[in-house]
Amino acid sequence: MKKAYAALTTLVCLLFASGTYADQPMPWQATLQPAATPIMEKIHGFEQWTLLFIVPITLFVLALLIYVCVKFRASANPVPSKTSHNTLIEIAWTVGPVLVLLLLAIPSFTLLTEQLTLPENPDVTIKATATQWQWNYEYEGSGDSPLAFDSYLLKDQDRAAAGKEDKSIYPRLLAVDNELVLPVNKTVRVLVTSAPTDVIHAFAMPSFGVKIDAVPGRLNETWFRAEREGLFYGQCSELCGKDHAFMPIAIRVVSEDKYKQWLTTAASDLPGAYKTLMAATDGPAKAVDVAEAQ
């Protein structure tokens, strides 16, 4: 009984929460993660637009099924009708779906075009290389020797040493040892690939509306523009092997000043750069919410 009450209380809290969630999967979550980019905001809008068609169509079909079951049951119609054609109905069930598909296709293609149209002059270019089972990030154009590092799943025994013991900020199976650090309100171009001898992976960040395959020997491109600071979590979204579930992606979006300071320090002292950045971002105000919706 106590467990049932606790589950009900949790569900009510989630339903009436204000929306200032951390950008990570939540228990009993039934909706998309809060948007952090303009593309994801449009994906939210497109989802609501599709529901305007899905819900009425589902209810209409249900009503028809109930009507047919009641109206044309054997006890009420011992002698079934032999009517075989109805021109009006045939026109309606042909034209209706065509109009629905048209109303879904136009905003869908518009959104896809915007997603796939890469910006001409991105502010930051990142190369993300996937291997079994971790990510390698390289900051293009960051000097004669570009900054590059590996990002592994953070193990429980390493939390204390990394200063990442708060699981509300650094959740189990999603937190990593080295996050990808990027500036807020800047256009980021991401080059995604997989190691030549590896398998297909996928770079996915739900809050950014980004998901693209990492294919061995091929370079794919995507982009995003994060409009708020925070710590955002995603995962490899391709079945890449036995440790597929342990290949998370973590992106820390900070102010431009903090980003430049981190980038300069990370060139010579990556652990020290992270510690300084965490001290500046993981203060008391961030103990509950990782990325506050603005």
Supply the atom-to-atom distance I57 CD1 to L62 CG, rounded to the nearest 0.5 angstrom.
-> 13.5 Å
Is there side-chain contact between E90 and W93, with at least one heavy-atom pair below 4.5 Å?
-> yes
Co-members of the apolar cluster containing I91 [side chain, <4.5 Å] | V95, L99
Parallel, tilted or perpendicular, as decided by the 30° and 60° cut-offs, for the rings of W135 and F203 = perpendicular
Heavy-atom closest contact (P216 atom, P196 atom, distance) = CB-O, 3.9 Å
Does any pair with a residue in residues 263-272 pass salt bridge (charged side-chain N to carboxylate O under 4.0 Å, His left out), and if so which ones, sequence neighbours excluded?
-> none
Contacts of type side chain to side chain contact (heavy atoms under 4.5 Å, CB included), residue N178, not counting sequence neighbours = F149, L270, Y274
Please report the shortest heavy-atom distance between A92 and P97, naming the atom on each side.
-> O-CD, 3.9 Å
Rounded distance [0.5 Å steps], CG in L180 versus CE in M205 | 8.0 Å
Transitive ILVMFWY side-chain link L263 to V181, under 4.5 Å = yes
Can you find a heavy atom in the side chain of Q24 that is under 4.5 Å from one in the side chain of M26?
-> yes
With a cut-off of 6.0 Å (strictly less than), are more than 12 heavy atoms of other residues, nucleotides or ligands near CD of Q261?
-> no
Interatomic distance, L101 atom CG to L103 atom CG [nearest 0.5 angstrom] = 9.0 Å
Is it true that a side-chain atom of T193 and a backbone atom of A214 form a donor plus acceptor pair closer than 3.5 Å?
-> no
Please tabulate, for side-chain N and O atoms in residues 236-246, each donor-acceptor pair with protein atoms closer than 3.5 Å (sequence neighbours left out).
unit_1 : atom_1 : unit_2 : atom_2 : d
S237   : OG     : Q235   : O      : 3.4
H244   : ND1    : E238   : O      : 2.6

Do you know the tightest heavy-atom contact between T94 and V98?
-> O-CG2, 3.2 Å
Pairs under 3.5 angstrom only: tabulate donor-acceptor contacts from the side chains of residues 184-191 to other protein residues two or more places apart or in another chain.
unit_1 : atom_1 : unit_2 : atom_2 : d
T187   : OG1    : R225   : NH1    : 3.2
R189   : NE     : E221   : OE2    : 2.7
R189   : NH2    : E221   : OE2    : 2.5

Side-chain touch V254/L277, heavy atoms, less than 4.5 angstrom = yes
Side-chain heavy atoms of I251 within contact of F224, under 4.5 Å | yes
Parallel, tilted or perpendicular: rings of F208 and F232 (30°, 60°) = tilted
What pair of heavy atoms forms the shortest contact from V176 to A250, and how long is it?
-> CG2-CB, 3.5 Å
So do the side chains of P171 and Y233 get within less than 4.5 Å of each other, counting heavy atoms only?
-> yes
Establish whether Y259 and V253 are linked, either directly or via other cluster members, by ILVMFWY side-chain heavy-atom contacts under 4.5 Å.
-> yes
Are V100 and L111 grouped together when hydrophobic residues (ILVMFWY) are joined by side-chain heavy atoms under 4.5 angstrom apart?
-> yes
What one should report as the nearest heavy-atom pair of R73 and S75 is NE-OG, 3.1 Å
Measuring from W133:CH2 to D198:CG, what's the distance to the nearest 0.5 Å?
-> 8.0 Å
Are any side-chain N or O atoms of N220 and backbone N or O atoms of D213, one a donor and one an acceptor, separated by less than 3.5 Å?
-> yes
Is there side-chain contact between P183 and V124, with at least one heavy-atom pair below 4.5 Å?
-> yes
Mark yes or no for whether R228, through its side chain, and A35, through its backbone, hold a donor-acceptor pair below 3.5 Å.
-> yes
Is any side-chain heavy atom of P25 less than 4.5 Å from a side-chain heavy atom of L174?
-> yes
Heavy atoms of V210 and W223 approach each other most closely as CG2-O, 3.9 Å
Say whether W49 and L32 are linked into one hydrophobic cluster, either directly or through other cluster members, by side-chain heavy-atom distances under 4.5 angstrom.
-> yes
Supply the atom-to-atom distance W262 CH2 to M278 CE, rounded to the nearest 0.5 angstrom.
-> 13.5 Å
With side chains defined as the heavy atoms from C-beta onward, is the minimum distance between K164 and I169 less than 4.5 Å?
-> no
Look at the side chain of S194 and the backbone N and O of A130, then say whether any donor-acceptor pair between them is shorter than 3.5 Å.
-> yes
What about I212 and V215, same hydrophobic cluster or not, with Ile/Leu/Val/Met/Phe/Trp/Tyr joined at side-chain heavy-atom distances under 4.5 Å?
-> no
With sequence neighbours left out, the residues meeting salt bridge (charged side-chain N to carboxylate O under 4.0 Å, His left out) with R159 are D156
Roughly how far, to the nearest 0.5 Å, is the CG atom of L147 from the OH atom of Y137?
-> 13.0 Å
In sequence, state the C-alpha distance, the side-chain angles, and the governing distance for I126 and L182, and then conclude on side-chain contact (heavy atoms from CB on, under 4.5 Å).
-> CA-CA 9 Å; I126 300 294; L182 294 170; 3.9 Å; yes
